[in-house]
Structures are given as C-alpha cells and as structure tokens.
Asker: 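Below is a structure I'd like to ask you about.
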Amino acid sequence: VSPDPDPVAQAREMLRAVWRRSHENVLARVGVVEQALADASAGTLDDEAREQARSAAHQLAGSAGTFGFPHASALARELEGELEGAAAPSADELPRLAELARTLRAELEGEPGGGEPDEPEEDTEIAELIVVGSGALGDALAAEAARRGLVHDRASSAAAAPSALERAPGALVIVDLELPEGAGPALALVSDAAAGRVVVAVRDVAGACEPVAVARAGARELLERDVGAADALDRALALRDGGGDAASP
Amino acid sequence: MTRILIIDDSELMREAAAIALGMVGWEADSREDGESGVAAARADQPDAILLDVLMPGLDGPATLARLREDPSTAAIPVAFLTAKGDDPAERAALEQLGASAVITKPFALVELAAQVRAAFGWEA
C-alpha cells in the first residue's frame, strides 16, 4: 500500500500536467508577440495585431512564474509594457525586443528551471538576505543583492513573507514597511522576523508606521526610503556583521 | 467548505488557482469572462471572488461594478488578480474601486490560499 501522497507534491504534479497540456498554446502566444515585432520591423504592425500581442504577453507575464518560469514572467511583462500605449515600439527598440522574445521562447521551451516562487529546488542555497517589499524599493534591493552576489529571497507582501522566513531561519531581513496589507501586518511581520534575525525596516516619512512602533516591533534600525537600495543594504550588512550600532528611532 | 469563484480569461491561471486553493480544501469554480462570472456569483453565492483585471469584454473593474450594483452579490468579498500588483499606483487605483485586496500574479502555488486569507481577514 503506497502512503498518502503529500498534498503539495500532488498539487505540483497537477500543475506540471496543466503546463504540459498547455505548452503548445503557451508557445503560440510567444509566436503572436514575435510576429508583431516582425511586423513592426517591416512597418506593417496595425493596432489590432499590437493589441493581440500585448494581450499574449500579458497572459504570459501573469502565468509563467506560477508554473516555474519567473524570469519568463519578467520578460513577458517588459514586452507587454513595450506593446501597450499609443504607438508601436520604435525602430531603435525593436532589436532589443526581438532578443527579449527569443529569450522568452527559449526559456518557455525548456523545463521549469527557476522554480516556483515557493518551491526551492533541492540544491537551492539558503538565502542570507530576505527582501520584503512590493514596490520599486523592493525591486532595487533585490537587484542590488543580486549584483553583489548575495543569496537572497524576495517576498512581495506580508502574507508571502512567512514561507521565505521559514526557508532561511538566520537570514538578514530588510522590510519595506509600505506593504500592500498596511501598517499593522507590516509591523507584525517585523516582530515575527526579529526573533533570531537582524531586521532593518525602511519607511516612507509620510507612511503610517511610527518609528517608536517599529523599534518596539524589534527592528534593529529604521531607515528612510530615500536612503536608496545600496546604502540600505550597506547599513543592514554592517549591522548583521556587528559593525553598526542599533539606532534608536 | 470555503467556495471561491475565479474569474480570469487565462485558462492557465484559472487552473493554477483552482489547484492552489484545492490544496487547502477549498472548492474553486471558475469563469473565463466577467459576464459569466457575474452570473455565477449570483447563482452560486461564493464566499469570495478572485477577479482578473484585464479581460476582453467586461474587464475586472467593470465586473466589480456589476457585482456591487446587484444586492445579491454586493457583499461578496472580491480581490483583484493582476500582473501589475507590484505597481503602487496600479494597486491604489484598484483598491479605490472597492475591491478588498489586490493579489499579484504570478502567485506561488503554496501561498495563494494564505494571500486570500490575508486579503479577506480570514483566520487560518
């Protein structure tokens, strides 16, 4: 008698089956984007074809990451952005967009390699830094961490953060307090994360999180968001490595 | 049993969301456009609705307006599903329309139910 299947493993297998069944349609959507770019190069792209290509890119952007292709989602989103708006992409932009489309196709023709956002591969390194933030600052922090070669994880909401924290119990944590759920969940997240970790919070001066509340929640330091990603990361690493004193709010 | 209605023109996302919600024992029904989604909401009275923003025909905001106009569906909590949820301006604009929350696509399989709970203030 085989043991009861793990529901998560079972769900992932179901997801893979959906992907395999839909693969041809997925690649057809890439084809719509490629054709639109080819038409644009030839000067024959009409509004209807551009809208169809934008829609195809939009669907890929929204779905690919869930099926294990997070980079493909990002590529598709960039293509979607270039295809929307009042005018077709400029001639100068077309070679770069064609390259994006080629990369998108190559990724989607392969096996899921990036892993679902919640599904670390067996040999995935444990993150030393977790960035929690949904906006541009979160993007910039993650990009800066990647540039420095830091193994990092990213959560875009308070709801998504616990699984990242669970995967990396000792990680340094930087929280952009302007989270989608608002100030209460953001402070609760800081409090949870601060148990056994160094947490640096970043706030908008016009935001709802009061410095005293952030300190009480356990953040080692509170930065203003205009500090920028590189300086915020420098400060957080200094605190983690013992080179910085905790600042009072 | 918690019953969620998913309204999204992407078959991939409808199936992925149904699988993700099924993992926690929730029942997911889905529709591919706003018109049929509103009809299903009226008929089935789901506990909550996950609503795509950009759809052909009746888009997400117009679908939400229909749901809010109808007394039989006005109180059903709705969360938008959008690939642009990381954009604060987009998120703020959607929240102003009266949705309970905005959930960003792509979502993680094991996190969607938690995001839905958080969006609607439901206990785990």
Side-chain angles (χ1 to χ4, degrees), chain A residues 6-15 17-19 21-22 25-26 29 51 54-55 57-70 72-74 76-77 80-81 84 115-119 133-139 155-164 178 180-181 185 204, chain B residues 8-26 28 32 50 52-56 59-60 79-92 94-95 99-122 124:
Chain A
D6 170 7
V8 175
Q10 201 172 28
R12 285 184 173 135
E13 182 49 46
M14 292 168 71
L15 204 65
V18 171
W19 182 255
R21 176 160 44 80
S22 307
N25 288 339
V26 168
R29 289 197 183 107
E51 172 54 22
R54 187 212 57 76
S55 177
H58 173 73
Q59 293 214 352
L60 292 168
S63 60
T66 295
F67 289 86
F69 298 90
S73 265
R77 187 170 173 183
E80 179 192 3
E84 65 190 3
E116 291 172 66
D118 60 334
E119 184 185 11
S134 62
L137 179 61
D139 293 344
S156 58
S157 66
S163 59
E178 305 308 309
E181 294 97 333
D204 188 323
Chain B
D8 195 314
D9 64 321
S10 165
E11 183 181 1
L12 276 174
M13 293 317 295
R14 293 196 303 274
E15 294 204 46
I19 291 168
L21 300 177
M23 278 173 55
V24 295
W26 294 353
E32 64 181 335
L50 302 185
D52 187 23
V53 174
L54 287 176
M55 295 185 289
D59 65 7
F80 277 122
L81 286 172
T82 175
K84 297 182 178 178
D86 287 344
D87 178 347
E90 171 85 0
R91 181 176 284 273
L94 292 173
E95 287 172 346
S100 304
V102 177
I103 293 174
T104 300
K105 296 190 292 186
F107 51 77
L109 187 68
V110 300
E111 289 177 357
L112 181 62
Q115 288 179 291
V116 171
R117 285 193 184 103
F120 300 133
W122 294 348

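Within every chain, numbering begins at 1; the chains are lettered A, B, ... in the order of the sequence lines, protein sequences first and strands thereafter. Note that the structure is a prediction, hence the values are computed from the model and not measured.
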Asker: Who among B/A101, B/S10, B/A118, B/A92 has the most heavy-atom pairs with chain A under 4.5 Å?
Answerer: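 Highest number of heavy-atom pairs under 4.5 Å: B/S10.
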Asker: Might you point out which heavy atoms bring B/M13 and A/G62 nearest each other, and give the distance in Å?
Answerer: SD-O, 3.4 Å
Asker: Would you compute the distance between atom CZ of A/R21 and atom CG of B/L12 and round it to the nearest 0.5 angstrom?
Answerer: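 Output value for this atom pair is 8.5 Å.
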Asker: Chain A heavy atoms under 4.5 Å from B/Q115: which part of the residue, side chain, backbone, both or neither?
Answerer: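 Interface part for B/Q115: both.
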Asker: Using non-hydrogen atoms only, which part of B/A83 is less than 4.5 Å away from chain A: side chain, backbone, both, or neither?
Answerer: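 Both the backbone and the side chain of B/A83 come within 4.5 Å of chain A.
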Asker: Heavy-atom cut-off 4.5 Å, strictly under: side chain, backbone, both or neither for B/D8 against chain A?
Answerer: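 Interface part for B/D8: neither.
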Asker: Contact between A/R12 and B/L109 at the side-chain level, heavy atoms closer than 4.5 Å - yes or no?
Answerer: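 Result yes, sub-4.5 Å side-chain heavy-atom pair found.
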Asker: May I ask you to name which of A/E80, A/M14, A/R77 has the most heavy-atom pairs under 4.5 Å with chain B?
Answerer: A/R77
Asker: Contact part of A/S73 toward chain B, heavy-atom cut-off under 4.5 Å: side chain, backbone, both or neither?
Answerer: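 Side chain only.
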Asker: Heavy atoms, side chains only, cut-off 4.5 Å: are A/T66 and B/K105 in contact?
Answerer: no
